[in-house]
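Single-structure report; data block below.
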There are 2 protein chains.
Amino acid sequence: MNSPDAFNALCPTRQILDRIADKWTVLLLGLLAGRTMRFNELRRGVDGLSQKVLSQTLKSLERDGLVTRAVYPTVPVTVEYAITDLGRTLAATLEPLRLWAESHMNVIEQARADFDRRQQAAA
Amino acid sequence: MNSPDAFNALCPTRQILDRIADKWTVLLLGLLAGRTMRFNELRRGVDGLSQKVLSQTLKSLERDGLVTRAVYPTVPVTVEYAITDLGRTLAATLEPLRLWAESHMNVIEQARADFDRRQQAAA
DNA sequence: CAGTATCCACGTCGATACTG
DNA sequence: CAGTATCGACGTGGATACTG
């Protein structure tokens, strides 16, 4: 078969899936879907995200055409990150994922506790 | 604030998001949503996935209550992995993501090429 | 403010070998 | 068949320091 097949490592779809199946992408696009934000704003907005990784992630998001980066020659310099139309369609697809996580976390934590208890009992 | 907030690293939602924002989860649940499968079947089904990582991933999927693991005392032993109802709701949320990747890969590859060309020109 | 550069600790992954 | 155990290579990420 020649149709896109995410299960085949050679398929470009897989590269893209690898790319978007990344927690920072989900969170950053989620923020930028709300409004345009500046670098340190994003940094503060996502807890636990280091400056280095934020920088890397934004660069690849820009490369993929999901966000734009605008530099304003103020002093000090102002940089604004905005989501693109393409990025917005992805953010829309990602949103249900975050909602799923939020609404099912209790069930999953329970499942984990049960599993760990069974493991404990078996050992 | 005490409501679920995926942007806060301390929130359990974040752990779950980290967990499901994983490429193997997406692909494995996608396969198991179709039908119950055996270990080596899954291994063959997902290109580039090593035995070790498959084993780890399945274990954590089981721990989270997303798949079940059934052992049949045949010779040699038969192990079947099946998606749970919970897993099915997640798979359903994940499906649009794969479709998005498949339908937008051309645009993204173009964006990457453009970006790289601009970088090249700037350097 | 918005990064880049460097170093290093860490974990993860693939390859290989072995088991019930 | 369905794993586990071990090892070594590798890359990613955090901390820190510096720059326009």
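Fair warning: this is a prediction, and the values are worked out from it, not measured in the lab. Proteins get letters first, then strands, A, B, ... in listed order; numbering begins at 1 in each. All heavy atoms count here, side chains included; hydrogens, waters and symmetry mates do not.
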For the residue pair [X] and [Y], what are the closest heavy atoms and their distance?
| X | Y | value |
| --- | --- | --- |
| B:Thr84 | B:Gly87 | OG1-N, 2.9 Å |
| B:Leu54 | B:Phe39 | CD2-O, 3.6 Å |
| B:Arg19 | B:Asp22 | O-CB, 3.4 Å |

(message) List the residues meeting side chain to side chain contact (heavy atoms under 4.5 Å, CB included) with B:Asp116, not counting sequence neighbours, and say none if there are none.
(response) A:Arg63

(message) Distance check, rounded to the nearest 0.5 Å: B:Asp64 atom CG versus B:Ile20 atom CD1?
(response) 9.5 Å

(request) Just jot down the salt bridge (charged side-chain N to carboxylate O under 4.0 Å, His left out) partners of A:Glu41, sequence neighbours excluded, or say none. (result) A:Arg35

(message) Checking A:Glu80 now: which residues fulfil salt bridge (charged side-chain N to carboxylate O under 4.0 Å, His left out) with it, not counting sequence neighbours?
(response) none

(message) Considering every strand and a 4.0 Å limit on heavy-atom distances, what is the contact class for B:Tyr72: base, sugar-phosphate, or nothing?
(response) nothing

(message) Heavy atoms only, 4.0 Å cut-off, all strands: where does A:Val77 land among base, sugar-phosphate and nothing?
(response) base

(request) Output the residues of residues 31-44 of chain A in contact with DNA chain C, where contact means a heavy atom of the residue under 4.0 Å from an atom of the strand; sort by number or write none. (result) A:Arg38, A:Phe39, A:Asn40

(request) Is it possible for you to say whether A:Leu17 and B:Leu99 belong to one hydrophobic cluster, with membership spreading through side-chain heavy-atom contacts below 4.5 Å? (result) no

(request) Take A:Pro76 and A:Val53, find for each the nucleotide of DNA chain D with the closest heavy atom, and name the residue whose nucleotide sits nearer the 5' end. (result) A:Val53

(message) Between A:Gln56 and A:Lys52, which residue's closest nucleotide on DNA chain C lies nearer the 5′ terminus?
(response) A:Gln56

(message) For DNA chain D, please output the secondary structure as dot-bracket, reading 5' to 3'. Pairs are Watson-Crick or G-U wobble, both atom distances under 3.5 Å; mark crossing pairs with [ ], other-strand partners with |, unpaired with a dot.
(response) ||||||||||||||||||||

(request) With A:Tyr81 as reference, evaluate A:Glu62, A:Arg69, A:Arg38 under the side chain to side chain donor-acceptor pair (under 3.5 Å) test and give the passing residue. (result) A:Arg69

(message) Can you measure A:Lys59 atom NZ to C:dA5 atom C1' for me and round it to whole angstrom units?
(response) 12 Å

(message) Check whether B:Thr93 reaches the backbone of A:Pro96 with its side chain - one donor and one acceptor, N or O, closer than 3.5 Å.
(response) no

(message) Using a 3.5 Å distance criterion without hydrogens, assess whether the side chain of A:Thr78 forms a donor-acceptor pair with backbone atoms of A:Tyr72.
(response) no

(request) Taking heavy atoms of chain A and a 4.0 Å limit, find me the 5'-most and 3'-most nucleotide of DNA chain D within that range. (result) D:dG13 to D:dG20

